[in-house]
Student: 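This structure is in C-alpha cells; I'll ask about it shortly.
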Amino acid sequence: MSNVTQEPSEPSAQAIAQAEALTATAVEALPDGRLARQLDQGRPLRIKLGIDPTAPDIHLGHTVVLNKLREFQEAGHRVVLIIGDYTARVGDPSGRSAQRPMLDPAAIDANADTFMEQAFKILDRDKTEVRYNSEWLKMESDQLFSLMARPTVARLLERDDFQKRMAAEEPISLLELVYPLLQGYDSVAVEADVEIGGTDQKFNLLFGRDMQSSFEQPLQSILTLPILPGTDGVKKMSKSTGNYIGVTDPPEEMFGKVMRVPDAILGQYWQLLLSEDPPEGAGPNEAKRELGRRLVARFHGPDAPVAAEEHFNRLFVRHEMPDEVEDFSFAEDPAHMPALLAGAFGVSRSEARRAIGQGGVKLDGEAMPAEPLDYPADELDGRVLQLGKRRFRRLVKGA
RNA sequence: GGGGGAGUGCCCGAGUGGUUAAAGGGGACUGGCUGUAAACCAGUUGGCUCUGCCUACACAGGUUCGAAUCCUGUCUCCCCCA
C-alpha cells in the first residue's frame, strides 16, 4: 500500500523527535516509525477517535485519550471525533466477557450531546471535526454485505476477547463479530491518518487498517494508550462498574474520590492524568491531595480546590459535619426513624433498622440507640441526621 | 432438524422432598484501627406494621401433609451432530 502515499522513506530528524514526543506515553505506536513519516508530509494529520455514547458522562478514563488528542491539536493537527451513535447500538465487544444490550436511539442521542460538551472541556473546538457514524453506517444492506465480504471469520476470531469467550462457552453474537468492520469503516469514511484508543482497542484499531486497505486508502497508524484503572484500583474505569470519577462530578466529590483511590495506583494516576511523577518525597496522602487539587482545578477552575479540600478535611479528617447539609422535610409526628431514614437516604426500612442497630445512624453526631424508634417531631426539627460516615440530611418538620 | 446440558439471592456458586430466607466466596454496607487508602478485626447484607408476618430459587400450572428440589407446559441460554 505504500505506493499510494507520498511519504519520504527516511523521516527527518525533526519529525522523529516530534513523533517521539507524541508517543512517549503510548503503549504502542504501530507500525513502527510510521508516525514520523506521516508527520514529515508537512500537512495537518487527521487524528481519529471514536467514542460510543453508551453512558452520558465522560470520566477520567476518557480524558487520558482526550489529552493525547489535545497534544496533537497543539502540534497543529486536526481531531476527528466520531460519535458512535450507530455503533453504540451494536455494542463493542472489546474487553467484554458478555453480550451487552442494545441501546435505544433516544438515549444514545442524549448521551452524545452531553458527551461532546464535556469533551470540549479538553479538546480545542476549532481544531475538532465532529462526525456521527450513522451518517455513513446507515447503509443499504447490499452495501453492508459488500463490506462483510472482505474480512474472514478466522481473522475476526483471532482476537483475544472472542477466544476467551469461546473457551468459556459464552455466546458471541454475529453483531459483535461485525463490530470491528463498522469501526474500521469509520476510518475509511473520515480518511483517518492516525487512530487513537486504549490498549483494549488494539484489535479494532488495527482492523481499521484492513478496511482502509480494501478501499485502497492510505493506512492509518495507530496509537494505543494505557487504560486508567478505576477507583477500585483493579478494573478499568467505567461508569457501569461504578469505579469512575466523572469530569462533571462536583468538586468535593471529585476530591473525595481521588483521596479514596488505593495508594498502589497513585503513580499511574499521576502519569496518566498529569503526565508527571508524584512530587519527590511526598507521602501518599500529600501526593493524593495534590492530584486531587490539580484535577479539581482543571475541571472546576483555580478557586475550586480550596473549598473541596476543606470539605474533605472537615468530613473525613475531623469527622465534622459539612457546612452545607441538604434539608429533608418530614410530616409524621411522632416520626418513625426507619421510615425517616428510608425517605431521606433511599434505603429500605430494614436496612435503616440494621444501621441503627449497628450504631451507624447519628443525630447531631451522637449515635442513636436501638430504642426507641419513634420520636416527637419537635425533638427532631432542625437537627442533622447522619447515615454512615458521609450521608447527611437536616431534618425539617414540614406540613 | 436431531441429541445432550443449564437457568438459585447484587455477582459467582452449593443445595435434588422436610430445623432452607437458602452453605461458601466475591462485592457492598456498618463499626473499630488508620493517613484518606490498603491490610486486619467484628457485624450486616429480600421486604415489612419485626419475639411475628409476607415474598423468594427463570415463568405458569400440578403432585405432596410438605418442593429450589418430583411432574407438565412455556421462555431463555450453552454444547455436540446435521
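All chains are named by letter (A, B, ...) in the order of the sequence lines, taking the proteins before the strands, and each is independently numbered beginning at 1.
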Student: Is any side-chain N of the basic residue among Glu366(A) and Arg383(A) closer than 4.0 Å to the acidic one's carboxylate O?
Tutor: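 Not counted as a salt bridge, because no side-chain N and carboxylate O are separated by less than 4.0 Å.
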
Student: In whole Å, what is the span from the NZ atom of Lys235(A) to the P atom of rC11(B)?
Tutor: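 Whole-Å distance recorded here is 13 Å.
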
Student: What integer number of Å spans the P atoms of rU44(B) and rA22(B)?
Tutor: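 Their P atoms lie roughly 12 Å apart.
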
Student: Just checking Phe115(A) against His62(A), ring centres under 6.0 Å apart?
Tutor: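 Ring centroids of Phe115(A) and His62(A) are less than 6.0 Å from each other.
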
Student: What is the distance, rounded to the nearest whole Å, between atom CG of Asp232(A) and atom C1' of rG27(B)?
Tutor: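 In whole Å, rG27(B) C1' lies 11 Å from Asp232(A) CG.
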
Student: Quantified in whole Å, what is the P atom distance between nucleotide rC11(B) and nucleotide rG46(B)?
Tutor: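 Looking at atom P only, rC11(B) and rG46(B) are 13 Å apart.
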
Student: Starting from P on rC10(B), measure out to CD on Glu351(A) and report it in whole angstrom.
Tutor: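 Interatomic distance, CD of Glu351(A) to P of rC10(B): 12 Å.
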
Student: Can you tell me, in whole Å, how much space there is between the P of rA21(B) and that of rG27(B)?
Tutor: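 Each nucleotide's P atom is 27 Å from the other's.
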
Student: How would you label the contact of Arg391(A) with the nucleic acid (heavy atoms, under 4.0 Å): base, sugar-phosphate, or nothing?
Tutor: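 Sugar-phosphate contact only - Arg391(A) comes under 4.0 Å of backbone atoms but never of a base.
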
Student: Could you provide the dot-bracket string of RNA chain B, using ( ) for intrastrand pairs, [ ] for crossing pairs and | for bases paired to another strand, with Watson-Crick or G-U pairs below 3.5 Å?
Tutor: ((((((((.[[[..)..(.....]]]((((((.......))))))(((...)))...[[[[[..)....]]]]]))))))).

Student: Could you work out the separation of rC41(B) and rU34(B) based on their C1' atoms and round it to a whole Å?
Tutor: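 Rounded to whole Å, the distance is 13 Å.
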
Student: Considering only the P atoms, how many Å lie between rA6(B) and rU72(B), rounded to the nearest integer?
Tutor: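 Roughly 15 Å separates the two P atoms.
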
Student: Run through Gln212(A), Glu195(A), Arg209(A) and flag the one making a side-chain hydrogen bond (donor to acceptor under 3.5 Å, both in side chains) with Ser187(A).
Tutor: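 Only one of Gln212(A), Glu195(A), Arg209(A) forms a side-chain hydrogen bond (donor to acceptor under 3.5 Å, both in side chains) with Ser187(A), namely Glu195(A).
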
Student: For the pair made of CD in Gln268(A) and C1' in rA37(B), what is the distance, rounded to whole Å?
Tutor: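 From Gln268(A) CD to rA37(B) C1': 15 Å.
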
Student: Using atom C1' in both nucleotides, what's the gap between rC48(B) and rA56(B) to the nearest angstrom?
Tutor: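 Looking at atom C1' only, rC48(B) and rA56(B) are 14 Å apart.
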
Student: Considering only residues two or more places apart or on different chains, which pairs with a residue in residues 262-276 of chain A satisfy salt bridge (Lys or Arg N to Asp or Glu O under 4.0 Å)?
Tutor: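 Non-adjacent pairs meeting salt bridge (Lys or Arg N to Asp or Glu O under 4.0 Å): Asp263(A)-Lys288(A), Glu276(A)-Arg294(A).
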
Student: In this structure, how many angstroms lie between the C1' atom of rG46(B) and the CZ atom of Arg349(A), rounded?
Tutor: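 Result: 16 Å.
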
Student: Taking the C1' atom of each, how far is rU20(B) from rG15(B), in whole Å?
Tutor: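 Rounded to whole Å, the distance is 9 Å.
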
Student: For His336(A) and for Leu387(A), find the nucleotide of RNA chain B with the closest heavy atom, then tell me which residue's nucleotide is more 5'.
Tutor: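 That would be Leu387(A).
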
Student: Would you mind classifying the nucleic acid contact of Pro284(A) as base, sugar-phosphate or nothing, using non-hydrogen atoms under 4.0 angstrom?
Tutor: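 Touches a base.
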
Student: Please determine whether residues Leu60(A) and Leu49(A) belong to a single hydrophobic cluster, defined as Ile, Leu, Val, Met, Phe, Trp and Tyr linked transitively by side-chain heavy-atom distances below 4.5 Å.
Tutor: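 The answer is yes; both residues are in one hydrophobic cluster.
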
Student: Mind checking the CE-CD spacing from Met211(A) to Gln217(A)? Nearest 0.5 Å is all I need.
Tutor: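 The CE atom of Met211(A) sits 10.5 Å away from the CD atom of Gln217(A).
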
Student: Within the 4.0 Å heavy-atom criterion, would you say Val258(A) contacts the bases, only the backbone, or no part of the nucleic acid?
Tutor: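 No contact at all - Val258(A) keeps every heavy atom at 4.0 Å or more from the nucleic acid.
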
Student: Please confirm whether Arg78(A) makes a cation-pi placement over Phe72(A), using NZ or CZ under 6.0 Å from the six-membered ring centre and within 45° of the ring normal.
Tutor: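 The answer is no, since Arg78(A) fails at least one limit relative to Phe72(A).
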
Student: Could you check Lys362(A) against Gly283(A) and say which one's nearest nucleotide on RNA chain B is further toward the 5' end?
Tutor: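 On the 5' side of the pair lies Lys362(A).
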
Student: I'd like a table of atom pairs between the protein and nucleotides 41-44 of chain B - only N or O on both sides, under 3.5 Å - with the distance next to each one.
Tutor:
from: rG43(B); atom 1: N2; to: Gln358(A); atom 2: OE1; distance (Å): 3.2
from: rG43(B); atom 1: N3; to: Gln358(A); atom 2: OE1; distance (Å): 3.1
from: rU44(B); atom 1: O4'; to: Gln358(A); atom 2: OE1; distance (Å): 3.1

Student: Please give, in whole Å, the distance from rU30(B) C1' to Leu385(A) CG?
Tutor: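 Value for this atom pair: 15 Å.
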
Student: Taking CG from Asp263(A) and C1' from rU34(B), how many angstroms apart are they, rounded to a whole number?
Tutor: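 The answer, rounded to whole Å, is 11 Å.
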
Student: Would you say a side-chain N or O of Ser350(A) is under 4.0 Å from OP1 or OP2 of rU45(B)?
Tutor: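 False: Ser350(A) side-chain N/O out of range (4.0 Å or more) of rU45(B) OP1/OP2.
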
Student: Who else is in the cluster with Leu206(A) when I, L, V, M, F, W and Y are joined by side-chain contacts under 4.5 Å?
Tutor: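 Grouped by the 4.5 Å side-chain rule, Leu30(A), Leu205(A), Ile222(A) form the rest of the cluster around Leu206(A).
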
Student: Is it true that the NZ or CZ of Arg150(A) lies under 6.0 Å from the centre of Phe215(A)'s six-membered ring and within 45 degrees of the ring axis?
Tutor: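 Because its charged atom sits under 6.0 Å from the ring centre and within 45° of the axis, Arg150(A) does stack over Phe215(A).
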
Student: Rounded to whole angstroms, how far apart are NZ on Lys389(A) and C1' on rA28(B)?
Tutor: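 These atoms are roughly 14 Å apart.
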
Student: My understanding is that only residues two or more places apart in sequence, or in another chain, count here; which of them pass salt bridge (Lys or Arg N to Asp or Glu O under 4.0 Å) with Glu252(A)?
Tutor: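 In terms of salt bridge (Lys or Arg N to Asp or Glu O under 4.0 Å), with neighbours along the sequence ignored, Glu252(A) is linked to no residue.
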
Student: What interatomic distance, in whole Å, is found between C1' of rU63(B) and the corresponding atom of rC79(B)?
Tutor: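 Result for the C1' pair: 32 Å, nearest Å.
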
Student: According to ring pair (Phe, Tyr, Trp, His ring centres under 6.0 Å), does anything in residues 231-268 of chain A pair up with another residue at least two apart or in another chain? List the pairs.
Tutor: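 Residue pairs passing ring pair (Phe, Tyr, Trp, His ring centres under 6.0 Å), neighbours aside: Phe255(A)-Phe312(A).
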
